[in-house]
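The structure under discussion appears below in the form of C-alpha coordinates.
Throughout, a chain's letter reflects where its sequence line sits, starting with A, and its residues are numbered from 1. Hydrogens, waters and symmetry mates play no part in the numbers below; they use all other heavy atoms, side chains included.
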There are 2 protein chains.
Amino acid sequence: MSLSNEVTIRVAVFEDNEQLLESLHQLIEATIKFICTGAFSNAQHLEKKIAQSNPDVVIMDIDMPGINGIDAVSILHIKYPHIRVLMQTVFDDNDKIFAAIRAGASGYILKKSSSAKIIEAIVDTYNGGAPMTPSVAEKVLNMLRYQNQNAQAENINLSEREKEILTLLVKGKSYKMIAAECFISIDTVNSHIKNIYEKLHVHSKSEAVVKAINQKLI
Amino acid sequence: MSLSNEVTIRVAVFEDNEQLLESLHQLIEATIKFICTGAFSNAQHLEKKIAQSNPDVVIMDIDMPGINGIDAVSILHIKYPHIRVLMQTVFDDNDKIFAAIRAGASGYILKKSSSAKIIEAIVDTYNGGAPMTPSVAEKVLNMLRYQNQNAQAENINLSEREKEILTLLVKGKSYKMIAAECFISIDTVNSHIKNIYEKLHVHSKSEAVVKAINQKLI
DNA sequence: TAAAAAATCACTTGTTCATGTGATTGCAGA
DNA sequence: TCTGCAATCACATGAACAAGTGATTTTTTA
(Lines give C-alpha, C1' and ligand atoms only; values in the text may rest on other atoms or scores of the structure.)
Protein backbone atom coordinates (compact mmCIF):
# COMPACT_ATOMS: atom_id res chain seq x y z
CA MET A 1 0.00 0.00 0.00
CA SER A 2 2.78 2.44 -0.78
CA LEU A 3 2.07 5.83 -2.21
CA SER A 4 4.05 7.50 -4.94
CA ASN A 5 5.95 10.53 -3.74
CA GLU A 6 4.28 13.31 -5.67
CA VAL A 7 0.67 12.78 -4.68
CA THR A 8 -1.21 14.66 -2.03
CA ILE A 9 -4.52 13.07 -1.14
CA ARG A 10 -7.31 15.56 -0.68
CA VAL A 11 -9.59 14.44 2.11
CA ALA A 12 -12.94 15.86 3.20
CA VAL A 13 -14.63 14.84 6.42
CA PHE A 14 -18.33 14.74 7.31
CA GLU A 15 -18.94 14.10 10.98
CA ASP A 16 -21.56 15.60 13.25
CA ASN A 17 -19.63 15.16 16.46
CA GLU A 18 -17.60 18.37 16.55
CA GLN A 19 -14.85 16.94 18.69
CA LEU A 20 -14.35 13.93 16.51
CA LEU A 21 -14.50 16.12 13.45
CA GLU A 22 -11.76 18.29 14.84
CA SER A 23 -9.57 15.37 15.80
CA LEU A 24 -9.97 13.81 12.38
CA HIS A 25 -9.15 17.14 10.83
CA GLN A 26 -6.00 17.36 12.88
CA LEU A 27 -5.05 13.77 12.20
CA ILE A 28 -5.30 14.35 8.46
CA GLU A 29 -3.46 17.62 8.52
CA ALA A 30 -0.73 16.11 10.66
CA THR A 31 -0.16 13.37 8.15
CA ILE A 32 2.23 14.12 5.37
CA LYS A 33 0.72 13.77 1.90
CA PHE A 34 -2.78 14.31 3.22
CA ILE A 35 -4.54 17.61 3.05
CA CYS A 36 -7.87 18.18 4.68
CA THR A 37 -9.86 20.25 2.22
CA GLY A 38 -13.05 20.26 4.18
CA ALA A 39 -14.41 19.41 7.62
CA PHE A 40 -18.19 19.53 7.75
CA SER A 41 -20.56 18.70 10.56
CA ASN A 42 -23.46 17.80 8.26
CA ALA A 43 -24.27 16.91 4.66
CA GLN A 44 -26.56 19.81 3.97
CA HIS A 45 -25.66 21.49 0.69
CA LEU A 46 -23.53 18.46 -0.02
CA GLU A 47 -22.76 19.31 -3.61
CA LYS A 48 -21.63 22.79 -2.78
CA LYS A 49 -19.36 21.46 -0.06
CA ILE A 50 -17.92 18.88 -2.41
CA ALA A 51 -17.39 21.39 -5.19
CA GLN A 52 -15.67 23.66 -2.69
CA SER A 53 -13.38 21.05 -1.17
CA ASN A 54 -12.84 18.90 -4.27
CA PRO A 55 -11.74 15.83 -2.34
CA ASP A 56 -10.23 12.56 -3.56
CA VAL A 57 -11.51 10.73 -0.53
CA VAL A 58 -14.47 11.53 1.69
CA ILE A 59 -14.74 10.26 5.23
CA MET A 60 -18.42 10.01 5.99
CA ASP A 61 -20.07 9.43 9.31
CA ILE A 62 -23.04 7.17 8.81
CA ASP A 63 -25.24 8.76 11.45
CA MET A 64 -25.77 12.44 10.91
CA PRO A 65 -28.72 14.67 11.55
CA GLY A 66 -30.46 15.98 8.45
CA ILE A 67 -29.07 14.10 5.50
CA ASN A 68 -27.63 10.82 6.77
CA GLY A 69 -24.37 9.36 5.60
CA ILE A 70 -25.91 6.70 3.43
CA ASP A 71 -28.03 9.10 1.44
CA ALA A 72 -25.01 11.34 1.11
CA VAL A 73 -22.98 8.46 -0.31
CA SER A 74 -25.72 7.71 -2.82
CA ILE A 75 -25.60 11.26 -4.04
CA LEU A 76 -21.83 11.35 -4.19
CA HIS A 77 -21.69 8.04 -5.99
CA ILE A 78 -24.02 9.28 -8.70
CA LYS A 79 -22.79 12.84 -9.10
CA TYR A 80 -19.11 12.36 -8.35
CA PRO A 81 -18.33 8.73 -9.15
CA HIS A 82 -14.58 9.33 -8.99
CA ILE A 83 -14.72 10.29 -5.33
CA ARG A 84 -14.15 7.37 -3.01
CA VAL A 85 -15.97 7.25 0.28
CA LEU A 86 -14.79 5.75 3.52
CA MET A 87 -17.68 5.18 5.90
CA GLN A 88 -17.16 5.56 9.59
CA THR A 89 -19.52 4.39 12.24
CA VAL A 90 -19.74 3.42 15.87
CA PHE A 91 -21.66 0.19 15.41
CA ASP A 92 -21.13 -2.46 12.81
CA ASP A 93 -24.72 -3.57 12.29
CA ASN A 94 -25.61 -5.52 9.19
CA ASP A 95 -28.27 -3.25 7.79
CA LYS A 96 -26.16 -0.15 7.74
CA ILE A 97 -23.16 -1.90 6.30
CA PHE A 98 -25.29 -3.33 3.57
CA ALA A 99 -27.02 -0.05 2.85
CA ALA A 100 -23.67 1.73 2.68
CA ILE A 101 -22.26 -0.81 0.27
CA ARG A 102 -25.29 -0.57 -1.95
CA ALA A 103 -25.04 3.17 -1.88
CA GLY A 104 -21.50 2.92 -3.17
CA ALA A 105 -19.18 3.25 -0.20
CA SER A 106 -15.66 2.01 -0.79
CA GLY A 107 -14.60 1.20 2.73
CA TYR A 108 -16.15 0.81 6.11
CA ILE A 109 -14.31 1.28 9.37
CA LEU A 110 -15.28 1.69 12.98
CA LYS A 111 -14.73 4.85 14.94
CA LYS A 112 -12.75 3.02 17.55
CA SER A 113 -10.06 2.29 14.95
CA SER A 114 -6.63 3.64 15.80
CA SER A 115 -5.20 6.68 14.08
CA ALA A 116 -2.73 4.50 12.26
CA LYS A 117 -5.57 2.33 10.97
CA ILE A 118 -7.53 5.33 9.83
CA ILE A 119 -4.58 6.75 7.95
CA GLU A 120 -3.93 3.40 6.38
CA ALA A 121 -7.59 3.11 5.42
CA ILE A 122 -7.56 6.49 3.73
CA VAL A 123 -4.56 5.50 1.67
CA ASP A 124 -6.11 2.16 0.79
CA THR A 125 -9.34 3.84 -0.19
CA TYR A 126 -7.50 6.29 -2.40
CA ASN A 127 -5.63 3.45 -4.05
CA GLY A 128 -8.82 1.66 -5.03
CA GLY A 129 -8.98 -0.78 -2.18
CA ALA A 130 -11.85 -1.31 0.21
CA PRO A 131 -10.45 -1.19 3.70
CA MET A 132 -12.68 -2.57 6.37
CA THR A 133 -12.21 -3.78 9.85
CA PRO A 134 -12.19 -7.55 10.12
CA SER A 135 -15.47 -7.52 12.01
CA VAL A 136 -17.15 -5.63 9.18
CA ALA A 137 -15.54 -7.90 6.61
CA GLU A 138 -16.92 -10.90 8.44
CA LYS A 139 -20.42 -9.53 8.13
CA VAL A 140 -19.95 -8.73 4.47
CA LEU A 141 -18.79 -12.27 3.78
CA ASN A 142 -21.80 -13.62 5.56
CA MET A 143 -24.10 -11.51 3.42
CA LEU A 144 -22.43 -12.87 0.32
CA ARG A 145 -22.69 -16.40 1.58
CA TYR A 146 -26.33 -16.15 2.53
CA GLN A 147 -27.25 -14.83 -0.86
CA ASN A 148 -25.70 -17.84 -2.46
CA GLN A 149 -26.61 -20.61 -0.19
CA ASN A 150 -30.00 -19.72 1.11
CA ALA A 151 -31.50 -22.81 -0.31
CA GLN A 152 -30.86 -26.43 -0.97
CA ALA A 153 -32.18 -27.37 2.42
CA GLU A 154 -34.21 -30.16 0.96
CA ASN A 155 -32.20 -32.75 -0.80
CA ILE A 156 -33.45 -32.61 -4.33
CA ASN A 157 -31.63 -34.63 -6.87
CA LEU A 158 -32.89 -34.22 -10.34
CA SER A 159 -31.39 -36.26 -13.12
CA GLU A 160 -29.42 -34.49 -15.84
CA ARG A 161 -32.30 -34.72 -18.24
CA GLU A 162 -34.70 -33.37 -15.69
CA LYS A 163 -32.42 -30.41 -14.97
CA GLU A 164 -32.18 -29.76 -18.67
CA ILE A 165 -35.93 -29.72 -19.06
CA LEU A 166 -36.42 -27.64 -15.94
CA THR A 167 -33.96 -25.12 -17.34
CA LEU A 168 -36.04 -24.86 -20.49
CA LEU A 169 -39.19 -24.46 -18.43
CA VAL A 170 -37.55 -21.56 -16.62
CA LYS A 171 -36.79 -20.02 -19.98
CA GLY A 172 -40.50 -19.99 -20.65
CA LYS A 173 -40.60 -22.77 -23.21
CA SER A 174 -43.75 -24.77 -23.78
CA TYR A 175 -43.88 -28.55 -23.75
CA LYS A 176 -43.91 -28.52 -27.52
CA MET A 177 -40.83 -26.33 -27.76
CA ILE A 178 -38.99 -28.44 -25.24
CA ALA A 179 -39.83 -31.56 -27.18
CA ALA A 180 -38.40 -29.97 -30.31
CA GLU A 181 -35.23 -28.76 -28.60
CA CYS A 182 -34.52 -32.07 -26.92
CA PHE A 183 -35.51 -34.21 -29.91
CA ILE A 184 -38.01 -36.17 -27.87
CA SER A 185 -41.75 -36.54 -28.08
CA ILE A 186 -44.08 -34.26 -26.23
CA ASP A 187 -45.25 -37.23 -24.20
CA THR A 188 -41.76 -37.76 -22.91
CA VAL A 189 -41.54 -34.12 -21.94
CA ASN A 190 -44.81 -34.51 -20.12
CA SER A 191 -43.48 -37.57 -18.38
CA HIS A 192 -40.26 -35.88 -17.27
CA ILE A 193 -42.12 -32.87 -15.99
CA LYS A 194 -44.44 -35.11 -14.03
CA ASN A 195 -41.39 -36.58 -12.33
CA ILE A 196 -39.88 -33.14 -11.73
CA TYR A 197 -43.07 -31.97 -10.08
CA GLU A 198 -43.04 -34.96 -7.83
CA LYS A 199 -39.45 -34.37 -6.77
CA LEU A 200 -40.06 -30.67 -6.17
CA HIS A 201 -43.43 -31.21 -4.51
CA VAL A 202 -45.15 -28.75 -6.85
CA HIS A 203 -48.13 -28.91 -9.14
CA SER A 204 -47.58 -26.34 -11.84
CA LYS A 205 -45.03 -24.85 -14.16
CA SER A 206 -44.79 -21.59 -12.33
CA GLU A 207 -44.27 -23.20 -8.96
CA ALA A 208 -41.52 -25.32 -10.44
CA VAL A 209 -39.93 -22.27 -12.00
CA VAL A 210 -39.95 -20.35 -8.75
CA LYS A 211 -38.46 -23.24 -6.87
CA ALA A 212 -35.82 -23.79 -9.51
CA ILE A 213 -34.73 -20.19 -9.30
CA ASN A 214 -34.86 -19.83 -5.55
CA GLN A 215 -33.02 -23.02 -4.89
CA LYS A 216 -30.66 -22.63 -7.78
CA LEU A 217 -31.48 -26.08 -9.04
CA ILE A 218 -30.48 -25.28 -12.58
CA MET B 1 -7.64 -6.54 18.25
CA SER B 2 -6.04 -7.29 21.58
CA LEU B 3 -5.68 -10.78 22.81
CA SER B 4 -6.25 -11.91 26.34
CA ASN B 5 -3.09 -12.95 28.09
CA GLU B 6 -3.72 -16.61 28.70
CA VAL B 7 -4.49 -17.79 25.20
CA THR B 8 -2.11 -19.42 22.81
CA ILE B 9 -3.40 -19.65 19.28
CA ARG B 10 -2.69 -22.95 17.60
CA VAL B 11 -1.93 -22.41 13.94
CA ALA B 12 -1.50 -24.95 11.17
CA VAL B 13 -0.14 -24.05 7.76
CA PHE B 14 -0.78 -25.65 4.38
CA GLU B 15 1.51 -24.31 1.67
CA ASP B 16 3.13 -26.19 -1.17
CA ASN B 17 6.07 -23.85 -1.57
CA GLU B 18 8.55 -25.29 0.89
CA GLN B 19 10.42 -22.04 1.41
CA LEU B 20 7.28 -20.07 2.12
CA LEU B 21 6.03 -22.83 4.36
CA GLU B 22 9.22 -22.69 6.35
CA SER B 23 9.17 -18.91 6.66
CA LEU B 24 5.52 -18.94 7.79
CA HIS B 25 6.41 -21.63 10.27
CA GLN B 26 9.19 -19.51 11.66
CA LEU B 27 7.08 -16.36 11.69
CA ILE B 28 4.42 -18.10 13.73
CA GLU B 29 6.85 -19.70 16.12
CA ALA B 30 8.64 -16.39 16.59
CA THR B 31 5.42 -14.70 17.59
CA ILE B 32 4.53 -14.88 21.21
CA LYS B 33 1.16 -16.50 21.88
CA PHE B 34 1.21 -18.35 18.58
CA ILE B 35 2.23 -21.93 18.30
CA CYS B 36 2.62 -23.67 14.98
CA THR B 37 1.14 -27.10 15.42
CA GLY B 38 1.55 -28.20 11.86
CA ALA B 39 3.29 -27.18 8.64
CA PHE B 40 2.14 -29.22 5.68
CA SER B 41 3.06 -28.97 2.04
CA ASN B 42 -0.19 -30.45 0.79
CA ALA B 43 -3.74 -31.29 1.89
CA GLN B 44 -3.52 -35.01 1.35
CA HIS B 45 -4.85 -36.88 4.38
CA LEU B 46 -6.28 -33.58 5.52
CA GLU B 47 -8.34 -34.96 8.35
CA LYS B 48 -5.45 -36.87 9.82
CA LYS B 49 -3.27 -33.78 9.68
CA ILE B 50 -5.94 -31.71 11.33
CA ALA B 51 -6.58 -34.28 14.03
CA GLN B 52 -2.86 -34.40 14.66
CA SER B 53 -2.27 -30.66 14.82
CA ASN B 54 -5.62 -29.62 16.32
CA PRO B 55 -5.38 -26.00 15.16
CA ASP B 56 -7.53 -23.00 16.04
CA VAL B 57 -6.61 -21.28 12.80
CA VAL B 58 -5.49 -22.80 9.53
CA ILE B 59 -3.54 -20.84 6.97
CA MET B 60 -4.35 -22.35 3.63
CA ASP B 61 -2.66 -21.74 0.33
CA ILE B 62 -5.28 -21.66 -2.38
CA ASP B 63 -3.15 -23.26 -5.07
CA MET B 64 -1.80 -26.61 -4.09
CA PRO B 65 -1.15 -29.75 -6.07
CA GLY B 66 -3.45 -32.65 -5.31
CA ILE B 67 -6.26 -31.33 -3.16
CA ASN B 68 -6.51 -27.60 -3.72
CA GLY B 69 -7.05 -25.09 -0.97
CA ILE B 70 -10.68 -24.45 -1.77
CA ASP B 71 -11.69 -28.09 -1.60
CA ALA B 72 -9.71 -28.37 1.61
CA VAL B 73 -11.62 -25.46 3.10
CA SER B 74 -14.91 -27.08 2.13
CA ILE B 75 -13.92 -30.21 3.96
CA LEU B 76 -12.69 -28.33 7.01
CA HIS B 77 -15.79 -26.21 7.11
CA ILE B 78 -18.03 -29.25 7.19
CA LYS B 79 -16.01 -31.54 9.42
CA TYR B 80 -14.43 -28.99 11.73
CA PRO B 81 -16.71 -25.94 11.69
CA HIS B 82 -14.97 -24.39 14.68
CA ILE B 83 -11.67 -24.09 12.84
CA ARG B 84 -11.24 -20.78 11.12
CA VAL B 85 -9.38 -20.62 7.86
CA LEU B 86 -7.28 -17.81 6.51
CA MET B 87 -6.72 -18.17 2.79
CA GLN B 88 -3.50 -17.06 1.25
CA THR B 89 -2.89 -16.56 -2.41
CA VAL B 90 -0.67 -14.80 -4.88
CA PHE B 91 -3.39 -13.39 -7.08
CA ASP B 92 -6.65 -11.81 -6.04
CA ASP B 93 -8.85 -12.96 -8.87
CA ASN B 94 -12.60 -12.86 -8.44
CA ASP B 95 -13.38 -16.49 -9.04
CA LYS B 96 -11.04 -17.82 -6.42
CA ILE B 97 -12.06 -15.30 -3.82
CA PHE B 98 -15.67 -16.13 -4.42
CA ALA B 99 -15.09 -19.86 -4.35
CA ALA B 100 -13.12 -19.56 -1.12
CA ILE B 101 -15.85 -17.54 0.54
CA ARG B 102 -18.47 -20.02 -0.51
CA ALA B 103 -16.34 -22.82 0.78
CA GLY B 104 -16.27 -21.14 4.15
CA ALA B 105 -12.96 -19.30 4.42
CA SER B 106 -12.87 -16.63 7.11
CA GLY B 107 -10.21 -14.36 5.75
CA TYR B 108 -8.37 -13.81 2.55
CA ILE B 109 -4.95 -12.23 2.32
CA LEU B 110 -2.28 -11.94 -0.34
CA LYS B 111 1.09 -13.57 -0.03
CA LYS B 112 2.84 -10.28 -0.52
CA SER B 113 1.39 -9.07 2.80
CA SER B 114 3.95 -8.06 5.39
CA SER B 115 4.74 -10.25 8.38
CA ALA B 116 3.02 -7.79 10.64
CA LYS B 117 -0.13 -7.96 8.52
CA ILE B 118 -0.08 -11.73 8.51
CA ILE B 119 0.22 -11.88 12.28
CA GLU B 120 -2.55 -9.35 12.65
CA ALA B 121 -4.70 -11.36 10.24
CA ILE B 122 -4.21 -14.54 12.22
CA VAL B 123 -5.29 -12.80 15.40
CA ASP B 124 -8.28 -11.25 13.66
CA THR B 125 -9.26 -14.58 12.23
CA TYR B 126 -9.02 -16.22 15.61
CA ASN B 127 -11.17 -13.47 17.12
CA GLY B 128 -13.97 -14.05 14.66
CA GLY B 129 -13.13 -11.31 12.21
CA ALA B 130 -12.56 -11.67 8.50
CA PRO B 131 -9.31 -9.96 7.68
CA MET B 132 -8.75 -9.22 4.06
CA THR B 133 -6.53 -6.97 2.11
CA PRO B 134 -8.32 -3.88 0.83
CA SER B 135 -7.99 -5.07 -2.75
CA VAL B 136 -9.77 -8.30 -1.89
CA ALA B 137 -12.39 -6.45 0.08
CA GLU B 138 -13.04 -4.23 -2.90
CA LYS B 139 -13.78 -7.26 -5.04
CA VAL B 140 -16.03 -8.75 -2.41
CA LEU B 141 -18.02 -5.54 -2.20
CA ASN B 142 -18.42 -5.52 -5.94
CA MET B 143 -19.77 -9.04 -5.87
CA LEU B 144 -22.31 -8.02 -3.28
CA ARG B 145 -23.30 -4.98 -5.28
CA TYR B 146 -23.70 -6.79 -8.57
CA GLN B 147 -25.95 -9.34 -7.03
CA ASN B 148 -28.34 -6.65 -5.94
CA GLN B 149 -28.47 -4.34 -8.86
CA ASN B 150 -28.59 -6.50 -11.92
CA ALA B 151 -32.01 -5.57 -13.09
CA GLN B 152 -34.62 -2.93 -13.68
CA ALA B 153 -33.17 -1.94 -17.03
CA GLU B 154 -36.50 -1.67 -18.77
CA ASN B 155 -38.97 0.74 -17.37
CA ILE B 156 -41.91 -1.37 -16.36
CA ASN B 157 -44.65 0.24 -14.39
CA LEU B 158 -47.28 -2.12 -13.22
CA SER B 159 -50.22 -0.80 -11.28
CA GLU B 160 -50.58 -1.77 -7.63
CA ARG B 161 -53.23 -4.32 -8.43
CA GLU B 162 -51.11 -5.81 -11.16
CA LYS B 163 -48.15 -6.13 -8.82
CA GLU B 164 -50.37 -7.80 -6.28
CA ILE B 165 -51.58 -10.33 -8.81
CA LEU B 166 -48.10 -10.89 -10.17
CA THR B 167 -46.91 -11.59 -6.65
CA LEU B 168 -49.57 -14.24 -6.27
CA LEU B 169 -48.60 -15.73 -9.62
CA VAL B 170 -45.02 -16.00 -8.39
CA LYS B 171 -46.30 -17.84 -5.35
CA GLY B 172 -47.67 -20.44 -7.71
CA LYS B 173 -51.35 -19.57 -7.33
CA SER B 174 -53.84 -20.41 -10.06
CA TYR B 175 -56.27 -17.91 -11.52
CA LYS B 176 -58.97 -19.37 -9.39
CA MET B 177 -56.98 -18.99 -6.18
CA ILE B 178 -56.02 -15.44 -7.06
CA ALA B 179 -59.65 -14.58 -7.70
CA ALA B 180 -60.55 -15.93 -4.28
CA GLU B 181 -57.74 -14.12 -2.48
CA CYS B 182 -58.44 -10.81 -4.14
CA PHE B 183 -62.22 -11.09 -3.95
CA ILE B 184 -62.62 -10.55 -7.67
CA SER B 185 -63.94 -12.76 -10.42
CA ILE B 186 -61.72 -15.08 -12.33
CA ASP B 187 -62.42 -13.07 -15.43
CA THR B 188 -60.96 -10.00 -13.84
CA VAL B 189 -57.88 -11.96 -12.89
CA ASN B 190 -57.64 -13.10 -16.45
CA SER B 191 -57.96 -9.56 -17.62
CA HIS B 192 -55.27 -8.23 -15.29
CA ILE B 193 -52.90 -10.98 -16.27
CA LYS B 194 -53.46 -10.20 -19.90
CA ASN B 195 -52.38 -6.64 -19.19
CA ILE B 196 -49.39 -7.79 -17.15
CA TYR B 197 -48.25 -10.00 -20.01
CA GLU B 198 -48.47 -7.09 -22.36
CA LYS B 199 -46.41 -4.86 -20.11
CA LEU B 200 -43.78 -7.53 -19.52
CA HIS B 201 -43.76 -8.67 -23.14
CA VAL B 202 -44.35 -12.29 -22.16
CA HIS B 203 -46.89 -14.90 -23.11
CA SER B 204 -47.12 -17.32 -20.23
CA LYS B 205 -47.24 -17.57 -16.48
CA SER B 206 -43.78 -19.00 -16.16
CA GLU B 207 -42.20 -16.30 -18.29
CA ALA B 208 -43.93 -13.68 -16.20
CA VAL B 209 -42.72 -15.35 -13.01
CA VAL B 210 -39.12 -15.48 -14.20
CA LYS B 211 -39.20 -11.86 -15.25
CA ALA B 212 -40.79 -10.80 -12.00
CA ILE B 213 -38.08 -12.51 -9.99
CA ASN B 214 -35.13 -11.47 -12.12
CA GLN B 215 -36.18 -7.87 -12.30
CA LYS B 216 -37.42 -7.72 -8.74
CA LEU B 217 -40.75 -6.33 -9.88
CA ILE B 218 -42.57 -7.56 -6.84
C1' DT C 1 -25.56 -60.27 -12.98
C1' DA C 2 -29.75 -58.78 -11.13
C1' DA C 3 -32.11 -54.87 -9.50
C1' DA C 4 -32.82 -50.00 -9.63
C1' DA C 5 -32.91 -45.72 -11.84
C1' DA C 6 -33.24 -42.90 -15.89
C1' DA C 7 -35.03 -41.98 -20.37
C1' DT C 8 -38.13 -42.83 -23.70
C1' DC C 9 -42.98 -43.16 -25.72
C1' DA C 10 -48.30 -43.62 -25.77
C1' DC C 11 -53.10 -42.65 -24.62
C1' DT C 12 -56.66 -40.31 -21.92
C1' DT C 13 -59.29 -36.98 -19.24
C1' DG C 14 -60.52 -32.97 -17.14
C1' DT C 15 -58.54 -28.49 -16.00
C1' DT C 16 -56.25 -24.37 -16.70
C1' DC C 17 -54.51 -20.95 -19.50
C1' DA C 18 -53.95 -17.34 -23.28
C1' DT C 19 -56.17 -14.34 -26.10
C1' DG C 20 -59.75 -11.79 -28.41
C1' DT C 21 -63.58 -8.76 -28.05
C1' DG C 22 -66.35 -5.83 -25.54
C1' DA C 23 -68.49 -3.21 -21.59
C1' DT C 24 -69.02 -0.37 -17.11
C1' DT C 25 -67.40 2.49 -13.40
C1' DG C 26 -64.59 5.88 -11.14
C1' DC C 27 -60.83 8.89 -10.72
C1' DA C 28 -57.09 12.09 -12.04
C1' DG C 29 -54.86 15.16 -15.10
C1' DA C 30 -54.85 18.32 -19.34
C1' DT D 1 -65.05 18.85 -19.19
C1' DC D 2 -63.08 15.52 -21.88
C1' DT D 3 -59.65 11.96 -22.04
C1' DG D 4 -57.26 8.25 -20.54
C1' DC D 5 -56.14 4.85 -17.33
C1' DA D 6 -57.12 1.45 -13.79
C1' DA D 7 -60.14 -1.87 -12.16
C1' DT D 8 -63.89 -4.53 -12.75
C1' DC D 9 -66.78 -8.14 -15.18
C1' DA D 10 -68.45 -11.31 -19.16
C1' DC D 11 -68.26 -14.78 -22.92
C1' DA D 12 -65.92 -17.76 -26.06
C1' DT D 13 -62.47 -20.79 -28.13
C1' DG D 14 -58.53 -23.40 -29.01
C1' DA D 15 -54.19 -24.54 -27.06
C1' DA D 16 -51.52 -26.02 -23.25
C1' DC D 17 -51.10 -28.35 -19.17
C1' DA D 18 -51.48 -31.86 -15.02
C1' DA D 19 -52.05 -36.30 -13.70
C1' DG D 20 -53.06 -41.17 -14.13
C1' DT D 21 -51.72 -45.63 -16.11
C1' DG D 22 -48.73 -48.45 -18.45
C1' DA D 23 -44.72 -49.98 -21.26
C1' DT D 24 -39.85 -50.43 -23.39
C1' DT D 25 -34.96 -49.64 -23.48
C1' DT D 26 -30.69 -48.30 -21.71
C1' DT D 27 -27.54 -47.21 -18.07
C1' DT D 28 -25.97 -47.41 -13.39
C1' DT D 29 -25.08 -49.51 -9.38
C1' DA D 30 -25.20 -52.77 -5.67
Practice task
Could you tell me whether the side chain of A/K194 has a donor or acceptor atom within less than 3.5 Å of a complementary atom in the base of D/dT21?
Solution key: yes
Practice task
Look at the side chain of A/E160 and decide which nucleotide, out of D/dC9, C/dA7, D/dA7, has an atom nearest to it.
Solution key: C/dA7
Problem - Separation of atom NZ in A/K205 from atom P in C/dA18, rounded to whole Å - result: 7 Å
Handout entry: A/N68 and A/K96: side chain donor to acceptor below 3.5 Å
Key = no
Exercise for the section: Could you work out which one of C/dT8, D/dA7, C/dA18 sits closest to the side chain of B/R161? Expected result: D/dA7
Problem - Under-4.0 Å side-chain N/O to phosphate OP1/OP2 contact, A/S159 with C/dA6 - result: no
Problem - For atom CD1 of A/I165 and atom P of D/dA18, their distance in whole Å - result: 13 Å
Practice task
Verify the contact: side-chain N or O of B/T188 to OP1 or OP2 of D/dC9, cut-off strictly under 4.0 Å; return yes or no.
Solution key: yes
Practice task
Just compare C/dA7, D/dT8, C/dT19 and give me whichever is closest to any side-chain atom of A/H192.
Solution key: C/dA7
Handout entry: Between P of C/dC9 and OH of A/Y175, the distance in whole Å
Key = 16 Å
Fill in the blank from the handout: Considering only heavy side-chain atoms of B/S191, the closest of C/dC9, D/dC9, D/dA7 is D/dC9
Practice task
Would you mind reading off the distance between A/D187 atom CG and D/dC17 atom C1', rounded to a whole angstrom?
Solution key: 13 Å
Exercise for the section: Answer yes or no: does a side-chain N or O of A/Y197 lie under 4.0 Å from OP1 or OP2 of D/dA19? Expected result: no
Fill in the blank from the handout: Closest non-hydrogen contact found for A/Q44 with A/I67 is NE2-N, 3.9 Å
Problem - Closest heavy-atom pair and its distance - B/R161, B/C182 - result: NH2-O, 3.2 Å
Exercise for the section: On DNA chain C, check which nucleotide each of A/I186 and B/K176 is closest to and give me the residue with the more 5' one. Expected result: A/I186
Completion exercise
By nearest-nucleotide position on DNA chain D, the 5'-leaning member of B/C182 and A/V202 is B/C182
Handout entry: Interatomic distance where CD1 belongs to A/I184 and P belongs to C/dA6 [whole Å]
Key = 16 Å
Practice task
Answer with yes or no whether the side chains of B/T188 and B/S185 bring together a donor and an acceptor at under 3.5 Å.
Solution key: yes
Problem - B/N195 CG - D/dT8 P separation (whole Å) - result: 11 Å
Problem - For A/I70, the option from A/D95, A/I62, A/D63, A/I75 that meets side chain to side chain contact (heavy atoms under 4.5 Å, CB included) - result: A/I62
Handout entry: Closest to the B/S185 side chain, choosing from D/dA7, C/dA18, D/dA10
Key = D/dA10
Practice task
Calculate the interatomic distance between A/L158 atom CG and C/dA5 atom C1'; express it in whole Å.
Solution key: 14 Å
Problem - Rounded distance (Å) that lies between atom P of D/dA6 and atom CD of B/E164 - result: 16 Å
